[in-house]
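Remarks on the structure that follows.
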Amino acid sequence: MTGGVERRLFQEFSPGYYGICTVGGMLSAGTTHLAITPLDVLKVNMQVNPIKYNGISSGLSTLWREQGPSSLWRGWSGKFFGYGIQGGCKFGLYEYFKKLYSDVLVDRNRSFIFFLSSASAQVFADVALCPFEAVKVRVQTQPKFAKGLVDGFPKLYRAEGLMGRKEDCSRAQQLGVTCLAGYAAGTVGTVISNPADNIVSCLYNKQAENVMQAVKKIGLANLFTRSLPVRIAIVGPVVTLQWFFYDTIKVFCGL
């Protein structure tokens, strides 16, 4: 404190600020998930073998007795690094999207902006987590598969390639890919359609008599850049939610 004013290490929304938020998110998420690794190991084994692991105390005792105390920490590297990266993306990108959406959606309710920022960041965070989670689950449920990330990643890549098989993904992972694809598709579609959207607005507002006049009035560069950030902010999430709801119905209907 100097003169009653708190001194900040970095200015808000500066690169350093985003970096601190990202590192803070990595540490907070990585360490908290690392701490619950034994329960996570038990959870995964209860999911794949509910008869053998049918309770918390009995399940932990079975793991300890049959596979030793180290088995309770199997997959710790996937938990720490995977959720560390997820937390970094989640918190760091949340701050980035919050600034972005606040600038382009100036008249919108702040709660809506915060929700939109969180949802946008979570999509990227969960996608970043997926490969770590894929290795972690196999390490925890298949003791002979690998010891951790170092030998698990190459083995998984050799077996399934970069993307793996959709049938091996959980519902949440499938919907996570849907959200990312929807957001990317909405963004790409927005960029491509931006010139036409600007022309339509110009014509509808009687600022030009025809398309050629509209192009001349707006300018070639402005056709692609004018209103683009706000359109991406709106169209991307809208398309994402449309595909999310659509694929949620399909997933839960077994399609």
Side-chain angles (χ1 to χ4, degrees), residues 18-19 21-50 52-53 59-60 62-94 96 120-185 187-188 247 251:
Y18 293 130
C21 292
T22 300
V23 172
M26 293 178 69
L27 292 176
S28 62
T31 53
T32 52
H33 280 277
L34 175 64
I36 62 169
T37 297
L39 292 177
D40 187 66
V41 173
L42 176 61
K43 179 205 70 173
V44 173
N45 280 278
M46 290 177 72
Q47 291 172 340
V48 299
N49 195 346
K52 184 176 182 179
Y53 304 98
L60 290 173
T62 300
L63 284 170
W64 184 291
R65 183 177 64 256
E66 294 184 355
Q67 301 179 30
S70 62
S71 66
L72 299 178
W73 293 96
R74 186 178 294 128
W76 70 267
S77 57
K79 292 283 288 181
F80 180 72
F81 292 106
Y83 282 94
I85 290 177
Q86 187 213 36
C89 291
K90 179 165 61 177
F91 288 95
L93 288 176
Y94 168 74
Y96 172 78
S120 299
Q122 192 68 46
V123 170
F124 292 97
D126 286 345
V127 170
L129 171 66
C130 280
F132 295 90
E133 192 75 2
V135 175
K136 177 190 74 71
V137 171
R138 285 165 174 79
V139 169
Q140 290 177 338
T141 58
Q142 303 170 26
K144 296 181 180 180
F145 176 78
K147 295 181 179 180
L149 290 178
V150 175
D151 55 339
F153 263 129
K155 192 169 184 178
L156 182 64
Y157 179 79
R158 287 195 301 268
E160 300 184 12
L162 183 63
M163 298 302 295
R165 295 188 299 273
K166 179 178 75 68
E167 290 77 10
D168 290 338
C169 296
S170 67
R171 289 177 173 178
Q173 290 170 335
Q174 291 183 41
L175 294 176
V177 173
T178 290
C179 287
L180 179 64
Y183 201 103
T187 301
V188 172
D247 266 10
V251 166

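Hydrogens, waters and symmetry mates play no part in the numbers below; they use all other heavy atoms, side chains included. When a residue number appears, it is its place in the shown sequence, counting from 1. Bear in mind that the values here come from a model prediction, so they are computed numbers and not experimental data.
Residues passing the side chain to side chain contact (heavy atoms under 4.5 Å, CB included) test with Gln142, sequence neighbours excluded: Arg138, Phe145. In this view, Tyr96 and Tyr18, Leu100 satisfy the side chain to side chain contact (heavy atoms under 4.5 Å, CB included) rule, not counting sequence neighbours. Among residues two or more places apart in sequence or in another chain, the side chain to side chain contact (heavy atoms under 4.5 Å, CB included) test is passed with Val123 by Cys179, Leu180. Listed by chain and number, the residues in a side chain to side chain contact (heavy atoms under 4.5 Å, CB included) with Pro38 are Leu72, Trp73 (sequence neighbours excluded). Under the side chain to side chain donor-acceptor pair (under 3.5 Å) criterion, Lys147 pairs with no residue at all, not counting sequence neighbours. With sequence neighbours left out, the side chain to side chain donor-acceptor pair (under 3.5 Å) criterion links Lys90 to no other residue.
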- [ ] With side chain to side chain contact (heavy atoms under 4.5 Å, CB included) as the test, would you mind laying out the steps for Gln86 and Gln122 before giving the verdict?
- [x] CA-CA 8 Å; Gln86 187 213 36; Gln122 192 68 46; 3.6 Å; yes
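In this structure, Leu42 CG and Thr62 OG1 are separated by 9.0 Å, a value rounded to the nearest 0.5 Å. Expressed to the nearest 0.5 Å, how far CG of Leu60 lies from CZ of Arg65 amounts to 11.5 Å. From Asp151, atom CG reaches atom NZ of Lys155 across 8.0 Å, with rounding to the nearest 0.5 Å.
Counting only heavy atoms from C-beta outward, the side chains of Lys52 and Met46 never approach each other to under 4.5 Å.
When all heavy atoms of Ser71 and Leu63 are compared, the pair lying nearest together is OG-O, 3.3 Å.
Judged by distance alone, the side chain of Asp40 and the main-chain N or O of Ile36 form no donor-acceptor pair under 3.5 Å.
Counting only residues at least two apart or on different chains, no salt bridge (Lys or Arg N to Asp or Glu O under 4.0 Å) pair has a member in residues 121-130.
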List, one per line, each side-chain donor-acceptor pair under 3.5 Å for residues 25-34, sequence neighbours excluded.
{"unit_1": "Ser28", "atom_1": "OG", "unit_2": "Gly24", "atom_2": "O", "d": "3.0"}
{"unit_1": "Ser28", "atom_1": "OG", "unit_2": "Gly25", "atom_2": "O", "d": "3.1"}
{"unit_1": "Thr31", "atom_1": "OG1", "unit_2": "Leu27", "atom_2": "O", "d": "2.5"}
{"unit_1": "Thr31", "atom_1": "OG1", "unit_2": "Ser28", "atom_2": "O", "d": "3.4"}
{"unit_1": "Thr32", "atom_1": "OG1", "unit_2": "Ser28", "atom_2": "O", "d": "2.7"}
{"unit_1": "Thr32", "atom_1": "OG1", "unit_2": "Ala29", "atom_2": "O", "d": "3.1"}

For residues 75-83, dump all side-chain donor-acceptor pairs below 3.5 Å to protein atoms at least two apart in sequence or in another chain.
{"unit_1": "Ser77", "atom_1": "OG", "unit_2": "Leu149", "atom_2": "N", "d": "3.4"}
{"unit_1": "Tyr83", "atom_1": "OH", "unit_2": "Glu133", "atom_2": "OE1", "d": "3.4"}

